[in-house]
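Since the structure comes first, as structure tokens, the remarks are kept for the end.
Values in this document were obtained by computation on a predicted structure and should not be read as measured data.
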Number of protein chains: 2
Amino acid sequence: MSEQTFPSRPTLEAVAERAGVSRATASRVVNGGAGVRAPLADRVRQAVDELGYVPNQAARTLVTRRNDAVAVVVAEPETRFFSDPFFAQQVRGISKELTAHDNQLVLLLVEGTADYDRVGRYLAGGHVDGALIFSLHAHDPLPELARKAGIPTVFGGRPGWAETDRDRNALYVDCDNRGGARTAVRHLTGLGRRRIAHISGPLDQTASVDRLDGFRDILPDADPALIAEGDFTPDGGERAMAELLDRCPDLDGVFAASDLMASGALRVLRERGRSVPGDVALVGFDDMVQVAQLTDPPLTTVRQDIEEMGRLMARLLLRSLDPRRDAPGALPLSSVVTPTHLVRRRSA
Amino acid sequence: MSEQTFPSRPTLEAVAERAGVSRATASRVVNGGAGVRAPLADRVRQAVDELGYVPNQAARTLVTRRNDAVAVVVAEPETRFFSDPFFAQQVRGISKELTAHDNQLVLLLVEGTADYDRVGRYLAGGHVDGALIFSLHAHDPLPELARKAGIPTVFGGRPGWAETDRDRNALYVDCDNRGGARTAVRHLTGLGRRRIAHISGPLDQTASVDRLDGFRDILPDADPALIAEGDFTPDGGERAMAELLDRCPDLDGVFAASDLMASGALRVLRERGRSVPGDVALVGFDDMVQVAQLTDPPLTTVRQDIEEMGRLMARLLLRSLDPRRDAPGALPLSSVVTPTHLVRRRSA
DNA sequence: GCAACCTATGAGAGCGCTCTCCCGAGGCTG
DNA sequence: CAGCCTCGGGAGAGCGCTCTCATAGGTTGC
């Protein structure tokens with residue numbers, strides 16, 4: 001049925017010949033045309049149009065050593081990547097910033113252990129100029145792969161070794177997890193709640209640990225039975241909430257480390273006949289559109305600007321790829337911690 | 001804070017020198033090592049390891065004219081791309097097949113009109129060997145862009161012009177939308193339903209039109225008031241269902257063109273006090289895990305194997321990139337229509 | 001009016017790789 | 001044992017582009 005044929009593309013040489021100039025001049029025009037007199041430049045541009053010339057990216061990359069492409073690496077099962085709006089928002093922010101600077105986004109999903117090899121080869125193969133890595137778990141080999149590949153990297157979320165191991169010089173963007181958690185818990189204590197539980201994220205991620213630390217900052221003597229570990233999914237939130245209710249039926253407040261987990265917790269609370277916020281006040285984290293506002297009751301939550309964080313990650317990476325980019329006064333080349341703040345709705 | 005330095009990569013020349021062979025031999029070993037005697041090959045492999053050599057992809061592409069990368073182009077707002085599990089499943093199928101053949105997936109999202117330019121340039125720039133395009137709407141410029149770029153393309157879902165405009169020779173993978181719709185509607189009539197409504201997808205997509213056609217095959221005299229157009233989202237399903245109930249309060253069956261829309265319809269039916277399947281029997285389309293089985297009641301629906309369709313798309317594209325791949329007897333190089341079948345659950 | 005100086009253009013090297021040729025060494029046949 | 005074939009390995013061209021460097025022509029200054 002199909003017999004697609006694909007003629008070979010015109011080369012710069014062909015353009016130059018048609019315009020009656022040298023390849024060098026044609027190249028100059030194609031790349032902005034600085035220092036080429038108008039009549040010549042016009043002839044070249046016309047030749048480009050007539051031939052439908054598009055530069056061969058491989059040849060260009062070979063000499064400039066730039067790809068104008070950036071890898072986004074996600075160490076999370078595809079299922080979660082596609083179902084958790086967190087990633088969608090972050091990728092959108094990244095995507096906007098990258099396309100604004102004519103960079104291409106290459107998505108690399110890491111599912112099985114075997115994928116690490118493939119990703120390592122890809123990063124080292126010179127396909128991309130830099131990497132954005134997020135959802136990093138402890139002992140994940142990705143940072144090492146990126147380092148070996150020798151390409152600039154920016155992390156979404158503080159890597160575990162960022163503080164201890166200074167010379168590895170991680171560049172990251174994260175929100176003020178600990179401060180946000182403190183605000184959330186303080187809000188609950190302010191409401192007079194006395195038995196406050198915490199549903200944490202997976203404790204091999206710094207975001208989870210930091211939020212737990214914030215919780216403990218306010219409640220240093222909290223009963224360990226009041227803390228359950230989730231996995232940032234609604235199901236995980238359900239499981240953790242059920243566990244907590246079994247252990248401490250008298251709890252009257254819950255701080256969940258994500259809105260998605262809070263939504264799961266909410267379902268379990270309702271099933272078990274607890275009113276929210278009457279019996280149990282509930283605070284989430286993220287202020288995820290499509291989640292926090294749609295639950296019943298809508299979630300009081302700690303807002304972080306996820307899309308903006310994505311944008312910052314991309315900007316940071318682009319700057320470390322080319323320090324001259326957006327000149328003085330711009331973003332300094334260092335990690336960024338964005339602020340959080342409490343959004344009060346009806347769940348607490 | 002950050003001062004990342006990036007040493008230049010070892011070249012094939014360096015490997016050859018270290019192994020005491022010519023560049024040609026080193027290249028042979030790196031690419032499979034056919035026709036190189038074992039001791040030499042081993043020396044080369046050792047040199048590769050010691051130097052941490054990784055081939056420069058740009059140089060390789062320049063001469064082979066292959067990228068081993070394929071673009072996946074989605075003409076749908078990011079929001080829908082990330083929230084609709086349909087895409088997730090399709091991309092997963094594609095991703096599996098591509099990685100199995102050492103091909104890289106490059107995701108291109110098209111949101112605004114401005115993005116078409118960027119995507120066109122990208123496809124024409126020789127970054128990728130082929131393109132997979134899905135969620136095509138009528139009059140979308142993407143097919144033309146891909147054609148101009150001169151790269152093989154496979155569509156997810158039959159493009160509108162595939163039947164009429166033979167010489168454009170579209171290669172596509174689709175499910176038997178019309179047949180599936182017929183099965184769904186026949187099931188409803190078989191249950192004794194007499195006022196059967198249809199919530200269609202956006203009618204500028206062939207999948208929507210085909211499903212509507214299937215509906216009409218069984219009910220050629222259906223009241224036009226019993227047909228409402230949705231947009232494949234839960235919200236669209238809600239709106240359409242509300243409309244239908246306003247127009248025809250006596251309807252007793254609904255065939256929704258997607259599970260997501262069916263889930264929205266279900267909410268509206270419940271709100272309006274209609275029991276399902278008692279008052280209104282409801283059939284969806286897709287058999288989307290995480291949707292059809294989780295609604296209350298679970299959806300009777302038309303199953304299509306979305307992941308498999310993704311896999312087929314990728315396989316078809318890989319074959320048209322390199323006809324020698326997976327030798328005789330394999331997939332013929334022509335469009336594929338996959339079967340559908342009814343999955344009975346409780347909603348009808 | 002001539003030296004000194006620009007500035008626009010061209011010539012050409014080379015980025016790192018693959019692949020086609022070609023040569024030489026060994027094994028076979030007659 | 002000569003002649004032929006085979007097959008492993010090397011030499012080298014060139015993929016399409018960018019960028020440095022040299023050059024030609026025009027300008028300026030004294």
Pair N31(A)-R60(A), side-chain donor/acceptor within less than 3.5 Å: yes
Interatomic distance, L12(B) CG vs dG12(D) P [rounded to whole Å]: 17 Å
Residue-level proximity of residues 15-27 of chain A to DNA chain C when a heavy atom falls under 4.0 Å: V21(A), S22(A), R23(A), A24(A), T25(A)
Minimum-distance pair of heavy atoms, taken over all atoms of V70(B) and N103(B): CG2-OD1, 3.9 Å
N31(A) side chain near dT18(D) phosphate (N/O to OP1/OP2, under 4.0 Å): yes
Chi angles and distances behind the salt bridge (charged side-chain N to carboxylate O under 4.0 Å, His left out) call for E97(A), R311(A): CA-CA 6 Å; E97(A) 189 70 22; R311(A) 229 175 288 130; 5.1 Å; no
SB check K96(A) E307(A) (cutoff 4.0 Å): yes
L108(A) side, atom CG; R118(A) side, atom CZ - distance, nearest 0.5 Å: 6.5 Å
Distance in angstrom units between R66(B) CZ and dC19(C) C1', rounded: 13 Å
Any side-chain donor near an acceptor of the partner, R65(B) and N56(A), under 3.5 Å: no
Pair of N/O donor and acceptor under 3.5 Å linking dG16(D) base with R65(B) side chain: no
Chi angles and distances behind the side chain to side chain contact (heavy atoms under 4.5 Å, CB included) call for R18(B), E50(B): CA-CA 9 Å; R18(B) 187 178 191 107; E50(B) 288 169 1; 2.5 Å; yes
Electrostatic pair D42(A):R37(A) at N-O distance under 4.0 angstrom: no
Below 4.0 Å: OP1/OP2 of dT18(C) and any side-chain N or O of R60(B): yes
Out of dT9(C), dC17(D), dG8(D), whichever nucleotide has its closest atom nearest the side chain of L40(A): dT9(C)
Distance in angstrom units between E13(A) CD and dA11(C) P, rounded: 10 Å
Angle by which the axis turns from one end of the helix from dG1(C)-dC30(D) to dG30(C)-dC1(D) to the other, five pairs per end, to 10 degrees: 40°
Atom pair distance, as rounded to whole Å: CG in N56(B) and P in dG14(C): 18 Å
Protein-nucleotide distance (Q57(B), atom CD; dC15(C), atom P), rounded to Å: 19 Å
Closest to side chain of R28(A), choosing from dG16(C), dC19(D), dT9(C): dT9(C)
Interatomic distance, L316(B) atom CG to F155(B) atom CZ [nearest 0.5 angstrom]: 12.0 Å
Which atom pairs link the protein and nucleotides 23-27 of chain C when you take only N or O atoms and keep those under 3.5 Å?
none

Atom pair distance, as rounded to whole Å: CG in N67(A) and C1' in dT18(D): 15 Å
E17(A) atom CD, over 12 foreign heavy atoms within 6.0 Å: no
Value rounded to 0.5 Å, distance of OH in Y172(B) from CG in L312(B): 13.5 Å
